[in-house]
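In what follows, a single structure is set out as structure tokens and then discussed.
Because only heavy atoms are used, hydrogens play no part in the values below, and waters and symmetry mates are left out as well, while side chains stay in.
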Amino acid sequence: MKENWRVWDKDKEYGDLFYKRAIGELPEMESSKSLAKKVNEIIQENDRILDVGCGAGHYLRSLDKIIKTNFSYTGIDQTAYYIERAKEAFSLKVNSNSLRSKTDFKVGDIFNIPVDDNKSDIVICNNVFLHLPSIQKPLEELIRVSKKYIIIRTLIGASSFRIKQVEQPESYDLNGEPINYHYYNIYSEGYIQELLENISFKMDFSFEDDLDYDPSAFGNSDNFVGKRPDDLTTSINGIQLNIYILQPWKFLIIEKK
Ligand SMILES: C[S@@+](CC[C@H](N)C(=O)[O-])C[C@H]1O[C@@H](n2cnc3c(N)ncnc32)[C@H](O)[C@@H]1O
């Protein structure tokens, strides 16, 4: 099967941008700061954090800043170039005040995470689910490898939407489906709840709006991810507006029992 939705191998620049965030040349992302606060509320001494879809490990910078207890961190991403950049960033020892005992980065697929069952205490997965063609297996995988908590940041609303951003070169098949595209899917709370209820682990879960952001960071060219003016972004009551799509960011927080 041709997997057109996997766009990251073609986008080295995106990995370079993550690298700059990882080494402090660019500011931390707002989502990285708010995620780190959430992890800080639950982390215990010597916990193992697993970051799935870690890019260049740039969330580790925010975790290092806020967490005042010893922890280890493993970052997994399917894009080999991003993992190379992550290794480079964190071998520079930019975070010399960190209480981290161990850091590891490896290439791996969220559909088949190369980690044993219950191996990590806190599993994080940020801004990845919206870009996947399906989330059932990824959700099962994140829960399988976690011993205690799973925190997922993605687009969650009252209804589900399948959204494809059409990429260049722009062309369509005979059914009108784009050949090159990038998913921005929104899932309903109800669908996610149904998936969780069919997973055979005991757990509690909640959905939390991501309202913890600095409005001045949006539209600020230092924090600006896009290459085109229409990638500029703003936020209204926690719902991000990237010109075309209202993005209802939420955290799904799962606690295994
Ligand atoms: C939008 S970026 C998010 C990166 C980072 N977590 C953040 O929030 O900035 C999506 C990341 O997911 C990774 N990714 C995409 N599909 C994946 C898969 N099947 N398994 C693991 N990682 C994947 C991409 O390589 C990319 O680094």
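With rounding to the nearest 0.5 Å, the separation of CD in Glu45 from CG in Asp121 is 11.5 Å. Considering CG of Asp104 and OG1 of Thr74, their distance stands at 5.0 Å, rounded to 0.5 Å. Rounding to the nearest 0.5 angstrom, the gap separating the CD atom in Glu255 from the CD1 atom in Ile151 is 10.5 Å. One distance of note links OG of Ser62 with CG of Leu35; it measures 8.0 Å at 0.5 Å rounding. Rounded to the nearest 0.5 Å, atoms NZ (Lys250) and CG (Leu252) are 11.0 Å apart. Interatomic distance, CZ of Phe111 versus CD of Gln78, reported as 8.5 Å (0.5 Å rounding).
Looking only at side-chain heavy atoms (C-beta outward), Ser34 and Asp210 come within less than 4.5 Å of each other. A heavy-atom distance below 4.5 Å is found between the side chains of Leu63 and Ile124. Side chains of Ile83 and Cys54 form a contact here, defined as non-hydrogen atoms less than 4.5 Å apart. In this structure, Ile110 and Leu142 have side chains that are in contact, with non-hydrogen atoms separated by less than 4.5 Å. Taking 4.5 Å as the limit, every side-chain heavy atom of Ile66 sits out of range of all side-chain heavy atoms of Val39. The side-chain heavy atoms of Ile76 and Pro114, taken from C-beta on, include a pair separated by under 4.5 Å. You'll find the side chain of Asn127 reaches within 4.5 Å of the side chain of Trp249, heavy atoms only. The shortest side-chain heavy-atom distance between Ile152 and Phe205 does not fall under the 4.5 Å cut-off.
Between Arg6 and Asp109, at least one side-chain nitrogen of the basic residue sits less than 4.0 Å from a carboxylate oxygen of the acidic one, meeting the salt-bridge criterion. Contact check on Lys137 versus Glu140 returns no salt bridge, with no Lys/Arg side-chain nitrogen under 4.0 Å from an Asp/Glu carboxylate oxygen.
Using a 30° and 60° split on the angle between ring planes, Tyr14 and Phe18 fall in the tilted class, from 30° to 60°.
Taken together through direct or relayed side-chain contacts under 4.5 Å among Ile, Leu, Val, Met, Phe, Trp and Tyr, Tyr191 and Ile254 form part of one hydrophobic cluster. Under the 4.5 Å side-chain heavy-atom criterion for ILVMFWY residues, no single connected hydrophobic cluster contains both Ile163 and Tyr172. Residues Ile186 and Val166 are members of separate hydrophobic clusters, defined by side-chain heavy-atom contacts under 4.5 angstrom among Ile, Leu, Val, Met, Phe, Trp and Tyr.
Listed here is the closest heavy atom pair of Leu132 and Asn185: O-ND2, 3.2 Å. When every heavy atom of Met203 is checked against every heavy atom of Leu196, the shortest pair comes out as CE-O, 3.5 Å. Here the shortest heavy-atom pairing between Arg144 and Ile113 reads NH2-O, 3.0 Å. The shortest non-hydrogen separation linking Ala56 to Phe90 is O-CE1, 3.6 Å. Minimum interatomic distance between Ser120 and Val115 (heavy atoms only, all atoms of both residues): OG-CG1, 4.3 Å. In terms of heavy atoms, Ala158 sits closest to Ser188 at O-CB, 3.5 Å.
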For a side chain to side chain contact (heavy atoms under 4.5 Å, CB included) check, start with the C-alpha distance between Ile122 and Lys148, then their side-chain angles and the critical distance, and finish with the verdict. CA-CA 6 Å; Ile122 301 174; Lys148 293 195 271 187; 5.7 Å; no

Give the intermediate values and the outcome of side chain to side chain contact (heavy atoms under 4.5 Å, CB included) for residues Thr69 and Gln44. CA-CA 7 Å; Thr69 186; Gln44 293 182 351; over 6 Å; no

Derivation and outcome, salt bridge (Lys or Arg N to Asp or Glu O under 4.0 Å), residues Glu88 and Arg85: CA-CA 5 Å; Glu88 205 180 316; Arg85 298 251 66 190; 2.8 Å; yes

Which is it for Val52 and Val128 under the side chain to side chain contact (heavy atoms under 4.5 Å, CB included) test, yes or no, and what are the steps along the way? CA-CA 8 Å; Val52 182; Val128 177; over 6 Å; no

Could you please spell out the steps behind the salt bridge (Lys or Arg N to Asp or Glu O under 4.0 Å) verdict for Lys38 and Glu208? CA-CA 11 Å; Lys38 293 212 178 289; Glu208 292 181 18; 2.7 Å; yes

Can Asn126 and Asp51 be said to form a side chain to side chain contact (heavy atoms under 4.5 Å, CB included), step by step? CA-CA 8 Å; Asn126 305 285; Asp51 184 355; 4.1 Å; yes

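In this structure, the side chain of Asp173 engages the main chain of Asn175 through a donor-acceptor pair within 3.5 Å. Proximity of a side-chain donor or acceptor of Ser72 to a complementary backbone N or O of Ser101 within less than 3.5 Å is not detected. With Asp47 contributing its side chain and Phe71 its backbone, the two residues share no donor-acceptor pair below 3.5 Å.
For the pair Lys256 and Phe201, the distance from NZ or CZ to the six-membered ring centre is under 6.0 Å and the angle to the ring normal is within 45 degrees. Seen from the ring of Tyr73, Arg100 does not count as a face-on cation partner, given the 6.0 Å and 45° thresholds. With Tyr81 as the aromatic partner, Lys12 meets the cation-pi criteria of under 6.0 angstrom to the ring centre and within 45 degrees of the ring axis.
At most 12 heavy atoms of other shown residues, nucleotides or ligands fall within 6.0 angstrom of atom NZ in Lys20.
Tested against Glu28, the residues Lys65, Lys33, His58, Arg21 include a single side-chain hydrogen bond (donor to acceptor under 3.5 Å, both in side chains) partner, Lys65.
Proximity of the aromatic rings of Tyr187 and Phe129 is defined here by a centroid distance below 6.0 angstrom, and this criterion is not met.
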